[in-house]
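Here, residue 1 is the first one in the sequence, and each next residue gets the next number.
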Amino acid sequence: MTNKSDSPSDEAVVRALLDRQRHTYPQQAGIRLRDTPAPLYQTLVLANLLSARIRADTAVAAARELFDAGLRDPRSMADASWQARVDALGRGGYRRYDERTSTLLGKGAELLLERYGGDLRRLREEPDPRKALLDVPGIGPTGADIFLRSVQGVWPEFAPHIDRKAQEGAERLGLPTSPDRLSELVDDHDLPLLADGLVHAALDKPLADEVLAAAESA
């Protein structure tokens, strides 16, 4: 059995992981995340897509197709036809859940327009924003965690947000699973990148093995 003292340092593992995780999921979907209505909404759409039992790269591709079709804010999403949303999801390969997801995206956009005028910054002001997220059709506990994991860089009151899937990746890499301890291993602006990298490690064992091998040889 390998002793902890013989294992790479936590800092070396994190460096190796971030060398391989250059972009967050929102960045991969073409989202330039800022605390403004459109990118916040796009991040919520991506969280909806990522929360299904489907490959992350398929969810990212489907999000890009929706945005390329002009569906970048709640108003455009609500105004689009159900078929237009289905077609965009299909072009991204999101075919198993396309019809149900199209319906949920439409209903979610309508709720956001009615309750917040389409501006998720108003949801941020709710007494319990995570609970408020669960009111959005298509956003369950997993989707809420993905959204908060993604926006913690622009909504710092939610940092460090390391959800269960990210903790699974940390455990696989031999890192601490405490959000506070993990946050000490990176600068604040790299926390969303670390969180997404840990999710990648949880989902992709060969990546985790590559990270550990690189850290050991560093």
Side-chain angles (χ1 to χ4, degrees), residues 18 20-113 118-121 123 133 136-140 142-155 161 163 165-166 189-190 192-204 207:
L18 295 188
R20 289 156 179 79
Q21 177 72 26
R22 297 301 181 96
H23 302 289
T24 63
Y25 284 120
Q27 288 170 339
Q28 291 173 37
I31 301 168
R32 299 181 63 181
L33 187 52
R34 301 183 299 279
D35 188 25
T36 54
L40 289 172
Y41 174 69
Q42 291 160 21
T43 302
L44 187 64
V45 169
L46 178 61
N48 181 329
L49 301 178
L50 284 168
S51 65
R53 293 179 179 273
I54 201 162
R55 289 177 56 90
D57 56 355
T58 300
V60 167
R64 293 188 73 103
E65 289 292 341
L66 287 166
F67 306 151
D68 288 346
L71 311 185
R72 301 187 182 96
D73 55 56
R75 173 54 62 197
S76 59
M77 187 68 77
D79 287 348
S81 70
W82 177 85
Q83 189 62 53
R85 295 191 296 264
V86 168
D87 290 346
L89 291 165
R91 288 194 296 273
Y94 206 87
R95 296 185 179 86
R96 182 177 176 186
Y97 303 99
D98 54 355
E99 295 186 356
R100 178 174 181 272
T101 300
S102 174
T103 299
L104 291 173
L105 287 173
K107 290 182 176 179
E110 290 169 2
L111 180 141
L112 294 175
L113 289 166
D119 188 346
L120 280 165
R121 293 175 299 182
L123 179 146
L133 283 168
V136 180
I139 299 295
T142 298
D145 277 335
I146 293 170
F147 178 77
L148 294 174
R149 187 178 81 213
S150 299
V151 303
Q152 62 185 312
V154 294
W155 289 4
H161 194 87
D163 59 17
K165 184 60 68 175
H189 68 269
D190 279 334
L193 187 64
L194 173 63
D196 276 4
L198 293 173
V199 171
H200 272 261
L203 298 173
D204 186 347
L207 170 65

When you measure from the side chain of [X] to the backbone N and O of [Y], does any donor-acceptor pair fall under 3.5 Å?
{"X": "Q42", "Y": "I31", "answer": "no"}
{"X": "Q28", "Y": "H23", "answer": "yes"}
{"X": "S150", "Y": "I146", "answer": "yes"}
{"X": "S76", "Y": "G70", "answer": "yes"}

Looking at [atom1] of [X] and [atom2] of [Y], how far apart are the two atoms once the value is rounded to the nearest 0.5 Å?
{"X": "R22", "Y": "L193", "atom1": "CZ", "atom2": "CG", "result": "9.5 Å"}
{"X": "T24", "Y": "D190", "atom1": "OG1", "atom2": "CG", "result": "11.0 Å"}
{"X": "L89", "Y": "R85", "atom1": "CG", "atom2": "CZ", "result": "9.0 Å"}
{"X": "N48", "Y": "F147", "atom1": "CG", "atom2": "CZ", "result": "12.0 Å"}
{"X": "R64", "Y": "R91", "atom1": "CZ", "atom2": "CZ", "result": "13.5 Å"}
{"X": "L123", "Y": "L133", "atom1": "CG", "atom2": "CG", "result": "5.0 Å"}

At their closest point, which heavy atom of [X] faces which heavy atom of [Y], and how far apart are they?
{"X": "L120", "Y": "L112", "value": "CD2-CD2, 3.9 Å"}
{"X": "P39", "Y": "R32", "value": "CB-O, 3.5 Å"}
{"X": "G108", "Y": "P137", "value": "CA-CD, 3.7 Å"}
{"X": "A29", "Y": "L46", "value": "CB-CD2, 4.1 Å"}
{"X": "A80", "Y": "L71", "value": "CB-CD2, 3.6 Å"}
{"X": "A88", "Y": "E65", "value": "O-CB, 3.2 Å"}

Practice task
Take R121 and D35 through the test salt bridge (Lys or Arg N to Asp or Glu O under 4.0 Å) and record every step on the way to the result.
Solution key: CA-CA 7 Å; R121 293 175 299 182; D35 188 25; 5.0 Å; no
Practice task
Flag yes if more than 12 heavy atoms outside R34 fall under 6.0 Å of its CZ atom; otherwise flag no.
Solution key: yes
Exercise for the section: Evaluate the ring planes of Y25 and H200, with Trp represented by its six-membered ring, and classify them as parallel (under 30°), tilted (30 to 60°) or perpendicular (over 60°). Expected result: parallel
Practice task
Would you check if Y41 and M77 make a side-chain contact, meaning some heavy-atom pair closer than 4.5 Å?
Solution key: yes
Handout entry: Charged N-O contact under 4.0 Å between R55 and D57
Key =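 Salt bridge between R55 and D57, a charged N being under 4.0 Å from a carboxylate O: yes.
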Problem - Residue of the set R20, K165, R149 for which salt bridge (charged side-chain N to carboxylate O under 4.0 Å, His left out) holds with D196 - result: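 So the option named by the test is R149.
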